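Worksheet: the structure to be examined is printed underneath.
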2 protein chains.
Amino acid sequence: MSTLREMAERLGVSIATVSRAMNDKPGVGSETRQRVLALAQELQYQPNLAARSLVTSRTNTILFIVHQRQFTEAEDPFYPFIMLGLEEALKVDGFHVMLLTLNDAQLAAGPTALRAFQEKRADALVLAGPDISSKFILSASALGLTTLLVDNQLQLSSFTSVQPQNEEGSQSSTNHLIEVHQHRHIALLRGPGGWASSDERAAGYLAAMGGANLDPILVEVDDTTIESGKDAAKQALEHHPQVTAFVTANDAMAIGAMRAARGMGRRTPEDIAVIGFDDISWASYADPPLTTVRIPTIEMGRLAGRLLLELLNGAVSVKSRVRVATQPIIRQSCGCNGHIEEKK
Amino acid sequence: MSTLREMAERLGVSIATVSRAMNDKPGVGSETRQRVLALAQELQYQPNLAARSLVTSRTNTILFIVHQRQFTEAEDPFYPFIMLGLEEALKVDGFHVMLLTLNDAQLAAGPTALRAFQEKRADALVLAGPDISSKFILSASALGLTTLLVDNQLQLSSFTSVQPQNEEGSQSSTNHLIEVHQHRHIALLRGPGGWASSDERAAGYLAAMGGANLDPILVEVDDTTIESGKDAAKQALEHHPQVTAFVTANDAMAIGAMRAARGMGRRTPEDIAVIGFDDISWASYADPPLTTVRIPTIEMGRLAGRLLLELLNGAVSVKSRVRVATQPIIRQSCGCNGHIEEKK
DNA sequence: TTGAAAGCGCTACCAG
DNA sequence: CTGGTAGCGCTTTCAA
């Protein structure tokens, strides 16, 4: 592996000059620069990043932190996509992504787990997922690293964050049911209160119902799985038999709801229309194919990456809360015939 | 951030002594060592890894390389689990995992993409997935980094590799169909030839059929998706109407096969029993719940991590090909009543 | 058991 | 425009 010194000797110039040439810094004659670059090319020179880090205090590495269970969550692997997008965006500037998963105990213990990263290990932190507590976020950022939140946000403090437009998404899907399919009795099968995404999606539904002067019907369950979707659908159908459509907190619940409804003799979409949220991979294979709201996960990751790069370059210093537009995916569970299938 | 020097000054000893004490090296009086450790504790001392890397040429980082599309593959996100297990195992020794995804072009271009990692960026490479070519593997390992293969293997060269017991897995599921459910006409719906996992799973099926003196029925399609599962099932049922059971290359195909069969008036498991492979997250939600063969993905990642650590520590130098046992998951699509549901 | 010092490869400052 | 050099924080010889 060649070094700056080696190149300097072969070229008969100083190490400093080679360094300047390699880093596109001013103060090198264009002819000299040419020769340096040519030799670097020939030698396949790669800078030793440890040495560079030692003097610059920058590592070109960012740490992606996520709850262990969430990372590969059974019914909806969301964060690997975020990480993929992040890595894509970061690598164009020569940055790398490290994965750090935290279990419940580590999350509770606070930033002890991060201590090892204080010292020259990462330039920034991406904290992903709603189940990272405010306390943890605050103490992590106190480490002095640039911090960005994905799918999480703190009300009080201001961090740069990237989140989906939950409210707009469910408002538009509710409107689709109202305007295109003329439903009047639409129930929201929602997840637990207190979780930002559940609350925001509920707000979108309420806005749409209010806008159309319809009475909202809310059914809240304490989880957002297929099973809880079944429960919610049963409750809704028993207490509100007039309901003809469901808006659900996510796709897993939508699938559960369709199954429960079918078990009660109600077919989708003829008797009960259903619209989910997320567009997980199996949504298009559901029976019938699920109409839903797509969260552009990879794109969210890319955006987070680009934001981080700007923050790190000092190009921007404002903390911004970015909302990424969701996309309606019209399939058949809403009553459409599915000809307006999405283009991937 | 405190440094060795700072500690040395406060303790009135030399930097070398502090370094030795911190690294558990001999040559330090036990009393001195105590004092050093106590101060380190108090100061929350963290070594500067860039500085350490510069002198030791070790980074405590391993690079997880996977094909971009594969990492979050729509129907079966396999590699995030591997990465999770890897990270879990590695972090106990203070190692970190970096993600590098490669697209088709980069894969074809050879190790250019890896050049940046030659220099003090990673101590080892984990190459995951069958679609990383031998050529790429060979040239990557020529970089001089310890290399480990997951879900891939080279026939000629010897690399340490971790793979599932594909052959044993499908042999046992085929046997289940033969012995427990008395099927005589079992078709294998297999994926493309040439892919090691497809071939191995086929071999397991053939072994079981041969062992029972039954005639194998092979249907090969060029993909392993729900759609190709449908195609394969249609072909099988048309050309071999006597077939009463399917063994499929993976769960996605199994689900497609059940749907196609149902479309042709054959119910699962009454008319056609089906057993898949992989145990993807949606297998238990299929209709009927899918009997399959589970690949212990997270455990494979952990194993890869432990192996790597041994290799790096020089504890072991032998290149070993490790096969991880799969686990039969009996649900209902095979004809069992599902009471023997797996314990997670 | 301990200390002094060289040096890993690089950036950045100061002279010229 | 160019060169010399200090020094980032650490590990590791070599002496004492």
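No experiment lies behind these values; they were computed from the predicted model shown. Quick note on labels: first sequence line is chain A, next is B, and so on, each numbered from 1.
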Nearest-Å distance, [atom1] ([X]) to [atom2] ([N])?
X	N	atom1	atom2	result
A/N23	C/dA12	CG	P	8 Å
B/M7	D/dG9	CE	P	14 Å
B/E6	D/dC8	CD	C1'	15 Å
A/M22	C/dT11	CE	P	9 Å
B/R58	D/dT12	CZ	C1'	16 Å
B/R20	C/dT2	CZ	C1'	6 Å
B/L4	C/dA4	CG	C1'	15 Å
B/L49	C/dG9	CG	P	18 Å

- Establish, from distance only, whether the side-chain atoms of B/T59 and B/R52 form a donor-acceptor pair under 3.5 Å.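 Result is no, nothing qualifies.
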- Taking atom types as modelled, find out whether A/E87 and B/Q68 have a side-chain donor-acceptor pair closer than 3.5 angstrom.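 Absent: no donor and acceptor within the cut-off.
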- Query: Would you find more than 12 non-hydrogen atoms of other residues, nucleotides or ligands less than 6.0 Å from B/R69 atom CZ?
  - Reply: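 Check fails, neighbour count at 12 or below.
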- What nucleic acid atoms does B/S19 come within less than 4.0 Å of, heavy atoms only: base, sugar-phosphate, or nothing?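 Base: the residue B/S19, judged by heavy atoms under 4.0 Å, touches a nucleobase.
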- Query: When we call it a touch if two heavy atoms are under 4.0 Å apart, what does A/G29 touch: a base, just sugar-phosphate, or nothing?
  - Reply: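 Sugar-phosphate contact only - A/G29 comes under 4.0 Å of backbone atoms but never of a base.
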Would you indicate which nucleotide in [options] comes nearest to any side-chain atom of [X]?
X	options	answer
B/V13	C/dG9, D/dC10, C/dG3	C/dG3
B/Y45	C/dT2, C/dG9, D/dC10	D/dC10
B/S14	D/dC8, C/dG3, C/dC10	C/dG3
B/N48	D/dC10, C/dG9, C/dT2	D/dC10

- Task: Answer yes or no: is there a side-chain heavy-atom contact under 4.5 Å between B/V324 and B/L303?
- Result: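 A side-chain contact exists here, since the closest heavy-atom pair is under 4.5 Å.
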- Is B/V162 close to B/L149 at the side-chain level, that is, under 4.5 Å between some pair of heavy atoms?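 No, too far: nothing below the 4.5 Å cut-off.
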- Task: On DNA chain C, check which nucleotide each of A/A16 and B/V28 is closest to and give me the residue with the more 5' one.
- Result: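 Mapping each residue to its closest nucleotide by heavy atoms, the 5'-most match is B/V28.
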- Determine: side-chain N/O of A/T17 to OP1/OP2 of D/dG3, distance under 4.0 Å, yes or no.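 The answer is yes; a side-chain N or O of A/T17 sits under 4.0 Å from OP1 or OP2.
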- Message: Measuring to OP1 and OP2 of D/dT2, would you say a side-chain N or O of A/T32 lies under 4.0 angstrom away?
- Response: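 Yes, because at least one side-chain N or O of A/T32 sits under 4.0 Å from OP1 or OP2 of D/dT2.
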- Start at the 5' end of DNA chain D and walk down; is the nucleotide closest to A/G12 or to B/R52 reached first?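 Its nucleotide being nearer the 5' end, the pick is A/G12.
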